[in-house]
Protein chains: 2
Amino acid sequence: MNELTDYIKKGIPLSDDIQNKLEEITVEKKVVKGEIILPENSNKKEHIFVASGCLRSFYKAENGKEHTLQFAIKNWWIGDYMTLYTNDKSVVSIESLSHSKILVIDHSNIEKIYLEYPQFEAFQRRNFERRIATLQKRILSLLTLSASEKYDQFVTDYAAFEKVIPNYQIASYLGITPESLSRIRKERINK
Amino acid sequence: MNELTDYIKKGIPLSDDIQNKLEEITVEKKVVKGEIILPENSNKKEHIFVASGCLRSFYKAENGKEHTLQFAIKNWWIGDYMTLYTNDKSVVSIESLSHSKILVIDHSNIEKIYLEYPQFEAFQRRNFERRIATLQKRILSLLTLSASEKYDQFVTDYAAFEKVIPNYQIASYLGITPESLSRIRKERINK
DNA sequence: ATAATTTCTTACCATAGATCAAGTTATATC
DNA sequence: GATATAACTTGATCTATGGTAAGAAATTAT
């Protein structure tokens, strides 16, 4: 297992001083399963850090179908990056898939911490470099793998969270239908 | 056009002081069409800034097929982020699609500049946030759009570079075959 | 516990896009 | 400018995955 795969599975925990600072200007929030943390079409620009549990961001297409952009597990950040630096309203929704503990930090507040704590800026810069790597890895998967291969990879990378994430959401993350995923899972059992 | 689309089209130019500093520790390099800047299976950890021209990074699958991960145009950064923090050899190749001017900076050198120039750290952190946004936007396209819709979006975002980029590479970026792209282009002409 | 709702499975049919193959046009090389 | 090579097009067929529908299983609410 290389460091990228390791990062995908575990994220990078905050150092104590940064976590303390973040908790100073925000509150660790407990959310329950199904709770919407950021709705679509919101004006909020927020960064969410997952202390425990599991969140997901998803895009709702015009035809009503949901497409999962990201699952965020312990030590991961999640937010609507696509509208962070625009005046547009949020394009994704973020919901909790389990009882979770999260830090919700407004973008303008986080910018203040960057100024105050250069080590946080450095931490995030490296963190973002790894995020770029995982996103590129996913793009390559979408470009090169069959439905069944994508599912294999998902199970490897998100093993611990399979129980929390319903299959239809896994399907929507992989870009396949729930029916196809069901067929793929059947093959696995039979062989 | 929102700021994200704007960023996709133009990138973010370096400020003069950062550009000077980067040129101090590296050299602006001229590369010709077809030149390989970073081969796959290399041990190099390099960041490349495109001053002019067009580069692309691509992954070569076992079956020999090439999958384009990124086109980098003026003011864009390109590199193998997937192996930046691992001991693995580079998984993508980077080549020039035109006569281009680039800055090639070793990862260990760039880390030094981050330490010396906090404003460069801040610049890159924001830059990476936008990168994450564009990558997520592409993932949503791959999840939600038909071949023809993906091509429409590509033409909008990369309009200026259509002439430099051969169609089979556009196809490999969109995750379709050159034959399919050819049929899509035919439809456009007929309507 | 029972009912209501949501998620998952399975079967059958439909289709977007892939593959194969052959020709055409464009680009690079001598 | 002729020739070789690479890129593009077009048609015929194939296939992986999607869509529809209906029932089974699991989860949630009463």
Side-chain angles (χ1 to χ4, degrees), chain A residues 31-36 54 56 58 60-68 71 95-99 141-155 161-191, chain B residues 31-36 54 56 58 60-68 71 95-99 141-155 161-191:
Chain A
V31 291
V32 298
K33 187 175 175 179
E35 194 168 337
I36 300 288
C54 185
R56 79 160 178 144
F58 60 95
K60 210 178 287 171
E62 313 72 46
N63 60 19
K65 288 193 179 159
E66 291 181 1
H67 301 270
T68 299
F71 295 110
E95 69 168 358
S96 182
L97 302 183
S98 65
H99 288 246
S141 303
L142 291 171
L143 291 179
T144 62
L145 302 182
S146 70
S148 131
E149 289 166 332
K150 284 187 282 186
Y151 180 61
D152 286 341
Q153 196 177 73
F154 180 85
V155 170
F161 295 82
E162 257 190 296
K163 287 154 211 79
V164 180
I165 304 174
N167 286 331
Y168 76 93
Q169 288 180 12
I170 295 176
S172 86
Y173 178 87
L174 300 177
I176 61 177
T177 60
E179 293 90 338
S180 289
L181 180 55
S182 184
R183 285 172 206 121
I184 289 164
R185 286 162 53 81
K186 192 185 178 183
E187 282 171 29
R188 295 284 180 292
I189 294 159
N190 292 346
K191 81 150 183 43
Chain B
V31 291
V32 299
K33 187 174 173 179
E35 193 167 337
I36 301 287
C54 185
R56 77 160 180 146
F58 61 95
K60 210 178 287 173
E62 312 73 46
N63 60 19
K65 289 193 179 157
E66 292 181 359
H67 301 270
T68 299
F71 295 111
E95 70 167 356
S96 184
L97 302 183
S98 66
H99 288 246
S141 303
L142 290 171
L143 292 178
T144 62
L145 302 183
S146 69
S148 130
E149 289 167 333
K150 283 187 282 186
Y151 179 61
D152 286 340
Q153 196 176 73
F154 180 85
V155 170
F161 295 82
E162 257 190 296
K163 287 154 211 80
V164 180
I165 305 175
N167 286 330
Y168 76 93
Q169 288 180 13
I170 295 177
S172 86
Y173 178 86
L174 301 177
I176 61 177
T177 59
E179 292 92 335
S180 289
L181 181 55
S182 183
R183 285 177 197 114
I184 288 164
R185 287 162 52 82
K186 193 183 179 187
E187 282 171 29
R188 295 284 180 291
I189 294 159
N190 293 344
K191 81 148 180 46

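Chain naming here is simple, since letters A, B, ... match the order of the sequence lines and numbering starts at 1 in each.
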Between P of C/dA18 and CD1 of B/Ile176, the distance in whole Å: 7 Å
Any residue meeting salt bridge (Lys or Arg N to Asp or Glu O under 4.0 Å) with A/Glu66, in chain and number order, not counting sequence neighbours: A/Arg56
Touch class at under 4.0 angstrom, heavy-atom based, for B/Gly175 against every strand present: sugar-phosphate
Inter-residue atom distance B/Phe58.CZ - A/Leu143.CG, 0.5 Å rounding: 14.0 Å
Reported CG-to-CD distance for the pair A/Leu97 and A/Glu35, which is rounded to 0.5 angstrom: 12.0 Å
Sequence-distant partners of A/Asn167, side-chain hydrogen bond (donor to acceptor under 3.5 Å, both in side chains), two or more places apart: none
Distance (rounded to the nearest 0.5 Å) between A/Ile176 CD1 and A/Lys150 NZ: 6.5 Å
side-chain hydrogen bond (donor to acceptor under 3.5 Å, both in side chains) involving B/Ser182 - partner list, sequence neighbours excluded: none
Interatomic distance, B/Ile184 CD1 vs C/dG17 P [rounded to whole Å]: 7 Å
Pair B/Tyr151-B/Arg185, side-chain donor/acceptor within less than 3.5 Å: yes
Distance, nearest 0.5 Å, that separates SG of A/Cys54 from CD of A/Glu95: 9.5 Å
Residues which pass side-chain hydrogen bond (donor to acceptor under 3.5 Å, both in side chains) with A/Glu149, listed by chain and number, not counting sequence neighbours: A/Ser146
Rounded (10°) bend between the five-pair end axes of the helix from C/dA1-D/dT30 to C/dC30-D/dG1: 70°
Using atom names, set out every protein N or O paired with an N or O of nucleotides 9-15 of chain C below 3.5 Å, distance rounded to 0.1 Å.
unit_1	atom_1	unit_2	atom_2	d
C/dT9	OP2	A/Ser182	OG	3.1
C/dT9	O5'	A/Ser182	OG	3.1
C/dA11	N6	A/Arg183	NH2	3.1

Partner set under salt bridge (Lys or Arg N to Asp or Glu O under 4.0 Å) for A/Lys60, not counting sequence neighbours: A/Glu40
By side-chain contact (heavy atoms from CB on, under 4.5 Å) - contacts of B/Tyr168 (at least two apart): B/Pro166, B/Pro178
For A/Glu179, salt bridge (Lys or Arg N to Asp or Glu O under 4.0 Å) partners two or more places apart: none
Touch class at under 4.0 angstrom, heavy-atom based, for B/Lys65 against every strand present: sugar-phosphate
Any residue meeting side-chain contact (heavy atoms from CB on, under 4.5 Å) with B/Gln153, in chain and number order, not counting sequence neighbours: B/Lys137, B/Ser141, B/Leu145, B/Asp157
Between P of C/dA18 and CG of A/Leu143, the distance in whole Å: 11 Å
B/Asn63 CG - C/dA18 C1' separation (whole Å): 13 Å
Contact pattern, 5' to 3', of nucleotides 24-30 of chain C - B, S or - by protein heavy atom under 4.0 Å: ----S--
Chain A contact limits on DNA chain D, taken 5' to 3' with a cut-off of 4.0 angstrom to heavy atoms: D/dT17 to D/dT28
